[in-house]
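Order of the sequence lines fixes the chain letters, A, B, ..., with proteins taken first and strands second; residue numbering starts at 1 for each chain.
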2 protein chains.
Amino acid sequence: MTRQAEQAEQALRASGHRLTPQRILVWDVLRRAGDRHLSAEEICAEAQRTVPAFNLASVYRTLALLAELGLARETRLGDGPAVWEVAHDDEHHHLVCRVCGSITHHPDEVLDRIAGHLLEAHGFAAEELELVVTGVCEDCRAAGR
Amino acid sequence: MTRQAEQAEQALRASGHRLTPQRILVWDVLRRAGDRHLSAEEICAEAQRTVPAFNLASVYRTLALLAELGLARETRLGDGPAVWEVAHDDEHHHLVCRVCGSITHHPDEVLDRIAGHLLEAHGFAAEELELVVTGVCEDCRAAGR
DNA sequence: GTATATGCAAAGTCTTTGCATCGTT
DNA sequence: AACGATGCAAAGACTTTGCATATAC
């Protein structure tokens, strides 16, 4: 078993939650997605390839749990459903391409500095920073779109 | 009439849209709100004090139009309804206090630099930057919350 | 065996749309 | 008078919740 899979199992057990096939499956789908950002619906569709009865409600409940345990991360990007990914330690921002719809993310030291600045200059204790940048990605620009 | 009210009237006329009491009213409500960020529902409630029949659907349609004309700006802050404000020229980020729910915003030179960096280093042409910072505001921290 | 998780369906929240009527131009 | 805007109600998109059944512990 991979390091990451173990991490999820232990976090579930430690928090007194049960280890169900559904929870493991959602976590697997999320990990296998890699950089891709999946909506609850997409996660459900993928999970149903293994467990046909898999229900959207369970996906939402599982994602909420994983988020609570710090394992998954939800992001709302303008319209449409929220997207999910494995939580990363570093602050990062999302680059959303208006043309092809691709969503990439990318750690940025600048965000850390912003947090420090907000506390010193404005007394605001930042806990979560979410930067969403909309624009046109490199590929689409090269293709003249 | 104020400079800002004129601006809205002219933008509406110039774009071939009609100048209706409802549109003027939504714009007024938005302007009078100052720094406050209002949801469509709140705008509707406020507008109904002047025009009791005022309808939520009209609020949404009007806000969409004002946004299209660059006069109003929508922001989605986590859960709950989107909030609206008069559009400002400068990029700015939103500070959301997790304790008292206050929403403030505050221009930041850092965001401009991020846009430049994204283009040079990653070929991504940023068009819109939206930074939402969640945390605890100065007042709530002083009150030990 | 017991308490928690799931599946299903129904409800909830926020937003958009269809259509007849009204009002601006 | 003509065409766009409004009000109302209904539908839509996404997410949450209630409840009976199933299952991990």
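Going from atom OG1 of Thr75(A) over to atom CD1 of Ile103(A) covers 8.5 Å, rounded to the nearest 0.5 Å. Taking CH2 of Trp27(B) as the start and CG of Leu19(B) as the end, the distance is 12.5 Å to the nearest 0.5 Å. Taken to the nearest 0.5 Å, the CG atom of Leu77(A) stands 11.5 Å off from the OG atom of Ser39(A).
The salt bridge (charged side-chain N to carboxylate O under 4.0 Å, His left out) analysis of residues 68-80 of chain B, with sequence neighbours excluded, yields the pairs Arg73(B)-Glu130(B), Glu74(B)-Arg76(B).
Checking side-chain atoms of Glu85(B) against main-chain N and O of His37(B) turns up no donor-acceptor pair under 3.5 Å. Between the Arg141(B) side chain and the Gly123(A) main chain, a donor and an acceptor come within less than 3.5 Å of each other.
Rounded to an integer number of Å, the gap from CD1 of Ile24(A) to C1' of dC25(D) is 14 Å. For Phe54(A) and dA22(D), the CZ to C1' distance is 15 Å, given to the nearest whole Å. Spacing between atom CG of Leu12(B) and atom P of dG4(D) amounts to 15 Å, rounded to whole angstrom units. Straight-line distance from the CG atom of Leu63(A) to the P atom of dT6(C): 11 Å, rounded to whole Å.
For Trp84(A) against Ala40(A), the heavy-atom pair with the smallest separation is CD1-N, 4.3 Å.
Of the candidates His105(A), His88(A), His106(A), His93(A) forms a ring-ring contact (aromatic ring centres under 6.0 Å, His included) with just one, namely His106(A).
Look at Gln22(A) and you won't find any side-chain N or O under 4.0 angstrom from OP1 or OP2 of dA24(D).
Inter-axis angle, ends of the helix from dG1(C)-dC25(D) to dT25(C)-dA1(D), five pairs per end, rounded to 10 degrees: 30°.
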Contact string for nucleotides 15-25 of chain C, one letter per nucleotide 5' to 3', B = base within protein heavy-atom range under 4.0 Å, S = sugar-phosphate only, - = neither, reads BBBB----BBS
